[in-house]
Amino acid sequence: MSTSEGTSTSTLSATGLNHDGAIAAAPSTITYTSTTPDAGFVVEHAINNGSNDSTSAKGVTASKIYADAALETKVDADSNEPRPPKAPQTNCTDNTTENLSTLRSQIALEMNDEFIECSVDVFFKHYLPFEPSEAAVEECVLRLLCKDYAPNGDAGEGFRPKQAPITPRRCARINPLHKLDDNTGHPVLSEVVPTVGYPDTPGLRFTDYMKRPGSHGSVEKTVFAPLKTIADAIGSYSETCDGRARNNFQYLHCPQAVISSDIGNSKSRIDACFSNGGSDFHTKYIAVPIEQNVSAADRDSNNRRVVSANVQIMNDDVRRMFTYGMTFEGDKATLWYHCRSHSAVSRQFNFVENPRLLVKVFLSFLFATDEELGYNPDVTLVEGKKRQYTFKIPSSDGKSAKFYRTVKVLSEYPSNNISGRMARVWLVDRVDSEGNKIGPPCVLKDVWLSVNTLTEKEIQTAIFADIEKYCHPDKPDYNLASDPPEDSPQDALNAIKMRNAELVKSGEYKQYFLEIESDHAGKPSKAVLEGCAPVTRLFQNAHANRIASLNENSIPSVGSTPFIKSGQQCKRTFTPRKQYRVIFKEVCEPVGNLPTLGEVLDVIQQTLIPLSLLYCAGWVHRDISSGNILAHEVGSVLRAKLSDFEYAKKFPLPKDHEGSVDPKTGTPFFMPVEIMQNTYLYPKTKTYSKAVSRVWGLKEVMLRHLTQRKQTKNRKRTAVSVVYNFQHDLESLWWVLVWSLTARVDHQPSRTWAKQIFQHNDVPTSARLNFLRPYCEDPDENAQDLQRIMLPSISVLRYIVDALREAMNIAYSERERGYMLRDPLSYAIIVNLFHSAFQPLQNFLDSFKGTPLLPSVPGDGPNSVEPMDAPTAPGSPAVSVAPSLIPGRKRPYPNIGQTAPSESFRPGPTNEDIEATLDRQRCKRVKTQDDPISGGGSDAGDNPTPGTLTTGRQFKSGTRSKTGGS
């Protein structure tokens with residue numbers, strides 16, 4: 001019976017239903033009469049038990065009429081204007097483009113081991129924004145049945161039915177928000193009473209899902225459209241739920257909608273979502289992306305889509321601490337949760353047979369606070385600005401706070417894996433609570449740390465305390481050895497301490513570290529409950545679909561995911577993480593972005609000061625890279641600063657410490673080979689006699705004094721897991737030097753060679769191993785290789801590279817063969833030799849400031865370690881260089897690479913002293929027409945002084961501007 005207002009009635013007689021309300025084999029007939037409120041025509045449907053295809057003369061089913069009407073009259077939240085329906089999903093493949101397919105496969109590969117699976121009950125209690133009470137669910141169910149709820153009455157007498165349980169009315173229209181008018185409202189739920197062989201107990205069904213959805217070729221566009229009405233009815237059943245006000249999010253049905261974002265090229269598609277942005281499907285508005293498929297066979301596709309959507313949201317929206325997702329396959333639903341420590345997925349539940357479960361889920365999403373949906377209350381979007389945020393940094397006592405507004409991103413690298421550190425670095429301004437600028441520029445670092453990990457400020461405070469304790473000449477633990485033998489480890493340790501004594505005594509040593517203005521550690525992510533099990537079957541053939549080599553793509557974030565040796569099994573622990581924000585006063589430039597070789601050498605040499613202080617204080621950094629060595633400009637001078645102490649640890653570690661549990665952290669370009677292999681080197685001793693010392697008898701010193709400490713040969717060697725030690729930090733610094741001399745120089749032979757050495761892989765290449773350990777046949781083979789491939793004007797620096805490599809190999813071998821790995825004194829000589837090897841460069845740094853370096857590719861990795869190709873011919877397009885982080889600083893030589901370097905600058909004899917070689921080469925360098933770097937060409941001065949270095953575009957350090965926040 002229809003009414004003039006457009007309402008509709010229906011009569012339902014059900015027989016042959018099982019106890020869950022599913023339609024059994026016995027014949028049953030539902031006679032349904034509906035009136036569409038807008039069109040005004042009546043259609044009578046006879047729906048037989050086995051088919052949905054019997055229709056009236058109009059030839060459509062009731063579900064299809066309703067779904068199409070719902071799509072046609074869908075209204076945007078903001079404009080109240082109808083929105084045209086989207087194309088049906090079934091006509092689309094799993095990915096609309098090859099790039100999207102590749103991205104989803106890569107995400108599936110990287111996320112495959114990040115999930116735990118739990119029961120629906122556990123997900124409700126532990127992961128949902130909040131678990132609605134049974135009373136709230138019961139009240140909502142009664143409202144959806146169009147029955148009055150009596151909260152103080154008995155459970156059996158708490159409602160007054162407006163209609164017989166077996167005669168539900170068809171829902172044609174419902175108010176979308178906050179209020180359900182009982183006079184015009186229609187039941188979303190229906191009661192079905194089994195009559196054949198089952199107790200007379202009513203079962204619940206959503207009125208639009210009396211049968212399993214998706215039968216007989218239906219498409220997602222129509223099958224899942226009624227979920228919009230169900231969600232609107234749930235959201236409007238009451239103004240509050242368990243004392244919580246209705247939020248601004250609502251369910252949107254949007255098949256194949258493209259998610260937009262401000263960064264990256266990812267354009268994930270979704271079928272529905274909980275959003276507060278209306279028709280604007282931007283990551284900042286979407287709280288819960290939803291994927292839907294009619295067939296259970298498409299579950300893998302759904303899983304990949306919903307996870308890809310959440311990866312895009314977590315990468316783009318800085319405010320997100322965690323996010324949710326839902327997938328539907330036929331009558332089955334699955335819940336998803338993602339945070340920085342792990343991801344969780346519920347077991348499937350049948351929302352048709354158990355509508356109360358879906359009611360509870362929708363209540364939680366629609367009445368949760370923004371914070372419960374994953375939005376961080378301490379980070380707010382700046383109104384009217386694209387991706388600009390204001391960060392609130394509470395004080396340690398929580399009584400006050402500082403505010404910082406982002407100016408630009410300094411470092412941010414989207415990841416295909418939601419779990420991990422997700423480090424972001426911003427240039428920020430200090431502002432007041434009203435947004436008015438009140439301080440100089442500074443740097444904000446936002447990162448997710450393991451919950452038990454010390455923060456950067458805590459680590460720095462501990463390091464400073466140990467430096468003061470062991471390196472201050474007036475402290476009792478200073479302990480200089482009395483009259484040690486010359487060139488002994490004790491003599492080397494004395495030299496290190498005395499060299500830094502005045503710095504420590506005056507407190508000036510702190511200038512080699514970043515100054516922390518403020519910091520704050522947020523709430524930890526959720527822990528994995530007992531009984532939840534890791535699951536890896538969510539993505540079919542995830543490991544088989546490995547995409548092209550990472551060497552040709554992005555660089556993994558530093559420490560974002562521990563590197564695991566290929567084939568190595570590692571039990572995933574899913575340790576909770578805490579969000580940590582720290583403010584640094586200085587605005588610096590990474591050494592990987594410095595524009596000239598002279599500046600790079602200067603900063604690397606200075607970095608040995610904080611590294612030697614760490615050694616004396618008993619700390620290892622464990623993450624030396626081109627992005628963690630910084631240059632801070634003070635006037636016309638660059639001051640090296642060592643940063644990122646998140647992985648720093650005391651050394652030696654306890655004897656019962658197992659190195660195998662330490663993750664491989666850092667950038668593979670600069671990772672020590674022993675850490676990459678998780679194996680100590682142990683080279684054979686008979687090959688040492690073939691090596692020739694390059695600088696001051698470095699090898700003989702190492703061999704003589706380390707061998708004296710060697711223990712008995714009769715001791716049986718056992719397999720030992722690698723523990724990060726002091727020399728590993730020095731090796732990483734050495735790799736930064738080699739990379740700067742080869743990969744960043746505009747010289748094709750050296751760059752081609754460098755590609756074999758520096759790759760984005762946790763397993764070292766054979767070329768990298770052979771370069772570090774040149775003892776197979778000829779010890780001079782690698783030295784000759786460097787001479788052949790290096791830019792001739794800087795090839796003299798190969799002496800330092802060779803000497804340090806040989807010294808490191810001897811130190812590694814003798815220390816490991818002598819069982820001195822945990823003896824801090826055994827590292828004194830190699831630490832001191834690094835300082836001695838760089839000392840001759842002090843007077844020649846200006847000679848290399850005329851050698852420009854290639855800029856790093858923006859956005860290619862956490863340290864931008866992949867140099868950009870420069871134009872190879874005049875007239876080539878301009879190079880888009882990485883922006884300088886130091887305010888006012890401009891990169892010199894924008895047209896580098898347009899002319900070939902001169903061959904006039906050649907290395908000296910093999911046995912020549914390095915200082916004499918540098919002096920000879922400096923005086924011998926001549927000007928040529930094809931070498932602007934050496935002073936020739938049109939840019940040269942008119943009357944260059946004979947025998948001196950001249951550069952046509954020599955960098956004037958005095959023109960640099962001061963940085964803010966010194």
I'd like to know if the side chain of Gln839 pairs up with that of Ser836 as donor and acceptor (distance under 3.5 Å, no hydrogens or angles considered). no
Would the Tyr615 and Phe651 ring centres measure less than 6.0 Å apart? no
Under a 3.5 Å threshold, yes or no: a donor from one side chain and an acceptor from the other, between Gln727 and Arg815? yes
Under 3.5 Å, is there a donor-acceptor pair linking the side chains of Tyr812 and Glu731? yes
Between Gln606 and Asp602, a side-chain donor and acceptor under 3.5 Å: yes
Hey, are Tyr509 and Glu502 close enough side-chain-wise for a donor-acceptor pair under 3.5 Å? no
Working for side chain to side chain contact (heavy atoms under 4.5 Å, CB included), residues Val620 and Lys650: CA-CA 6 Å; Val620 286; Lys650 291 282 291 182; over 6 Å; no
Flag, side chain of Asn494 to backbone of Ala481, donor-acceptor distance under 3.5 Å: yes
State plainly whether the residues Glu515 and Lys510 are in salt-bridge range, i.e. N to O under 4.0 Å. no
Does a side chain donor of either Ser612 or Asn500 reach within less than 3.5 Å of an acceptor in the other side chain? yes
Could you check whether Lys497 makes a cation-pi contact with Tyr478, meaning its NZ or CZ is under 6.0 Å from the centre of the six-membered ring and within 45° of the ring axis? yes
Considering all heavy atoms of both residues, which atom of Pro672 and which atom of Ser732 are nearest to each other, and what is their separation? CD-OG, 3.3 Å
Residues two or more places apart in sequence or in another chain: which of them pass salt bridge (Lys or Arg N to Asp or Glu O under 4.0 Å) with Glu646? Arg421, Lys445
Applying salt bridge (Lys or Arg N to Asp or Glu O under 4.0 Å), run through Asp466 and Lys469 and close with a yes or a no. CA-CA 5 Å; Asp466 285 336; Lys469 180 179 180 180; 5.6 Å; no
Rounded distance [0.5 Å steps], OH in Tyr512 versus CG in Leu614: 13.5 Å
Over 60° means perpendicular and under 30° means parallel, so tell me whether Phe771 and Trp735 are parallel, tilted or perpendicular. tilted
Any salt bridge linking Arg805 with Asp802? Criterion: basic side-chain nitrogen under 4.0 Å from a carboxylate oxygen. yes
Students often mix this up, so state it plainly: with edges at 30° and 60°, are the rings of Phe669 and Phe758 parallel, tilted or perpendicular? tilted
